[in-house]
Amino acid sequence: MVMTAWTAVYAGNNNIRWTAHNMSNNTDAGSGLTQGQRHFVSLGVDQVCIFCHTPHYSEPAKPLWNKVMPTQTFKMYTSSATLTNTAKAVTAPGPESLLCLSCHDGRTAINVIHTGNYGIAVGSDQKVDIGGDYDDPFGAHPTGDFSLNLPMFGSGYRANLGKTDADPYAGSNLMDDHPISFSYAAAYQEKVDAGLSSLRPIETPKSQGLRFFGPNRDRMECSTCHDPHVAYGYTYDRQDTGVGDKSLTPFLTRSNEGSAMCLACHNK
């Protein structure tokens with residue numbers, strides 16, 4: 001896809017069935033990614049949405065969430081000398097980002113859901129199989145469940161955001177990830193008050209497909225830049241699926257060709 005200074009590619013029609021977030025037992029290549037095209041597949045669950053959503057007994061209620069949520073204390077990004085005090089003051093991920101981290105912290109089990117007629121009971125929840133197993137087959141996960149740090153994918157597995165060099169199951173390290181859960185509008189104003197123009201007003205990224213959250217719709221979260229439902233034309237191992245827009249890799253809300261997503265906020 002060719003972009004000019006006056007064109008932009010935003011996430012359009014989603015098709016989660018052709019993404020790694022489809023963990024169903026699908027074997028029909030015409031209906032989505034098949035078992036051999038994904039790292040995490042449940043052999044006993046034929047539904048796609050159930051791994052994140054449920055129409056009943058959800059927790060939290062918005063957005064009808066069906067996953068166990070992280071409870072650990074996170075270490076947030078604070079290291080940049082140019083980071084605003086607004087962003088540095090954040091001590092925990094916001095509720096929208098916690099949804100992402102309920103899988104991507106690398107520790108919280110991806111195969112424990114609140115409700116569904118699958119798997120085995122774990123208190124009031126259900127543990128479903130992944131690849132025919134209910135627990136980490138390597139016995140490495142502290143609780144035995146499946147997380148995004150199974151040894152088969154190596155210690156550098158990039159979907160595991162919470163790892164440290166010393167502990168791949170730490171599940172709390174966000175110090176090497178873009179800052180989240182702060183008011184972008186407040187950060188922008190802080191820069192303006194300091195006589196700096198390094199951030200663009202929030203209307204600019206909003207007009208270019210980036211999403212903001214909270215009551216004022218100005219809080220930056222994981223889903224500002226990422227949309228978990230977007231098909232972007234690749235399997236996790238870069239096989240071509242033929243479905244989706246490759247410029248939206250990985251799960252982007254808009255294309256980052258030529259750093260367009262970065263430059264929607266950062267005036268460089």
Side-chain angles (χ1 to χ4, degrees), residues 1-3 7-55 62-67 96-97 99-106 110-111 113 116 128 130-131 146 148 150 153 157-161 177-178 180 205-213 220-262 264:
M1 179 170 292
V2 177
M3 291 183 65
T7 63
V9 178
Y10 307 142
N13 294 328
N14 300 332
N15 204 327
I16 193 173
R17 293 178 299 158
W18 269 269
T19 78
H21 288 158
N22 173 10
M23 296 193 293
S24 73
N25 62 359
N26 179 59
T27 59
D28 178 7
S31 298
L33 296 189
T34 58
Q35 293 177 9
Q37 295 178 300
R38 295 163 289 162
H39 284 161
F40 292 94
V41 179
S42 173
L43 301 186
V45 180
D46 61 359
Q47 297 185 44
V48 177
C49 304
I50 195 172
F51 288 95
C52 290
H53 301 288
T54 178
K62 296 168 73 171
L64 295 175
W65 203 242
N66 201 25
K67 283 279 286 98
E96 295 82 9
S97 293
L99 300 176
C100 307
L101 291 165
S102 68
C103 279
H104 288 280
D105 65 354
I110 67 171
N111 65 321
I113 60 178
V128 300
I130 297 292
F146 274 81
L148 285 183
L150 292 185
F153 305 131
Y157 190 52
R158 60 186 181 270
N160 175 3
L161 300 180
D177 300 289
H178 191 285
I180 54 172
K206 281 185 175 181
S207 70
Q208 296 190 34
L210 275 67
R211 307 180 297 182
F212 294 85
F213 300 87
M220 176 167 279
E221 300 288 355
C222 297
S223 293
T224 296
C225 298
H226 296 283
D227 183 337
H229 308 99
V230 169
Y232 52 83
Y234 291 116
T235 67
Y236 199 87
D237 296 318
R238 304 291 287 188
Q239 302 173 49
D240 194 330
T241 68
V243 177
D245 184 341
K246 291 181 173 62
S247 75
L248 299 178
T249 306
F251 295 105
L252 298 182
T253 55
R254 62 147 297 141
S255 170
N256 196 33
E257 291 183 1
S259 298
M261 173 174 280
C262 305

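What you see is a predicted model, and the numbers here were worked out from it, not measured in a lab. Each residue takes its place number in the sequence, starting with 1.
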- Grab the two heavy atoms, one from Glu257 and one from Ser255, that are nearest each other, plus how far apart they are. N-OG, 3.0 Å
- So CZ of Arg211 and SG of Cys225: to nearest 0.5 Å the spacing works out to 9.5 Å
- Item | pair Phe213-Thr224: side-chain heavy atoms closer than 4.5 Å | yes
- Note on the structure: The reported gap from OG1 in Thr34 to CG in Asn25 (rounded to nearest 0.5 angstrom) is 11.5 Å
- May I ask you to test the His21-Ile16 pair for a side-chain heavy-atom distance under 4.5 Å? yes
- 4.5 Å side-chain heavy-atom contact, Gln47 and Ser24: no
- Heavy-atom check, side chain of Lys67 versus side chain of Phe51, under 4.5 Å: no
- Task: Name all residues meeting the side-chain hydrogen bond (donor to acceptor under 3.5 Å, both in side chains) criterion together with Glu221; count only those two or more places apart in sequence or in a different chain, and write none if there are none.
- Result: Ser97, Ser181, Arg219
- Message: Quick one, His229 with Thr19, criterion side chain to side chain contact (heavy atoms under 4.5 Å, CB included). Give me CA distance, side-chain angles, the key distance, then yes/no.
- Response: CA-CA 8 Å; His229 308 99; Thr19 78; over 6 Å; no
- Query: To the nearest 0.5 Å, what is the distance between CD1 (Ile113) and OG (Ser42)?
  - Reply: 8.5 Å
- Note on the structure: side-chain contact (heavy atoms from CB on, under 4.5 Å) test vs Leu33 passes for just one of Val41, Thr241, Asn26, namely Thr241
- Any side-chain heavy-atom pair from His226 and Leu252 closer than 4.5 angstrom? yes
- Note on the structure: Nearest heavy-atom approach of Asn256 to Met261 is OD1-N, 2.8 Å
- Message: Is the distance between the ring centroids of His39 and Tyr236 under 6.0 Å?
- Response: yes
- Task: For residues Arg238 and Thr249, determine if any side-chain heavy atom of one lies less than 4.5 Å from a side-chain heavy atom of the other.
- Result: yes
- Query: Any donor-acceptor pair under 3.5 Å linking the side chain of Asn111 with the backbone of Val128?
  - Reply: yes
- Message: Would you compute the distance between atom CG of Leu248 and atom OH of Tyr232 and round it to the nearest 0.5 angstrom?
- Response: 10.5 Å
- Note on the structure: On a heavy-atom basis, the closest approach of Ala231 and Trp18 is CB-CB, 4.3 Å
- Query: Are any non-hydrogen side-chain atoms of Asp240 and Lys246 less than 4.5 angstrom apart?
  - Reply: yes
- side chain to side chain contact (heavy atoms under 4.5 Å, CB included) evaluation trace for Leu161 with Asp105: CA-CA 5 Å; Leu161 300 180; Asp105 65 354; over 6 Å; no
- Atom OG of Ser223 and atom CZ of Phe251: how far apart are they, to the nearest 0.5 Å? 11.5 Å
- Query: Of all heavy-atom pairs between Leu43 and Gly131, which one has the smallest distance, and what is that distance?
  - Reply: CD1-C, 3.7 Å
- Item | Criterion side chain to side chain contact (heavy atoms under 4.5 Å, CB included) on Ile110 and Cys103, from CA distance to verdict | CA-CA 5 Å; Ile110 67 171; Cys103 279; 3.6 Å; yes
- Message: Just so I know, are the side chains of His104 and Leu148 near enough to count as touching, which here means a heavy-atom distance under 4.5 Å?
- Response: yes
- Message: Rounded to the nearest 0.5 Å, what separates atom CD in Gln239 from atom CZ in Arg38?
- Response: 11.5 Å
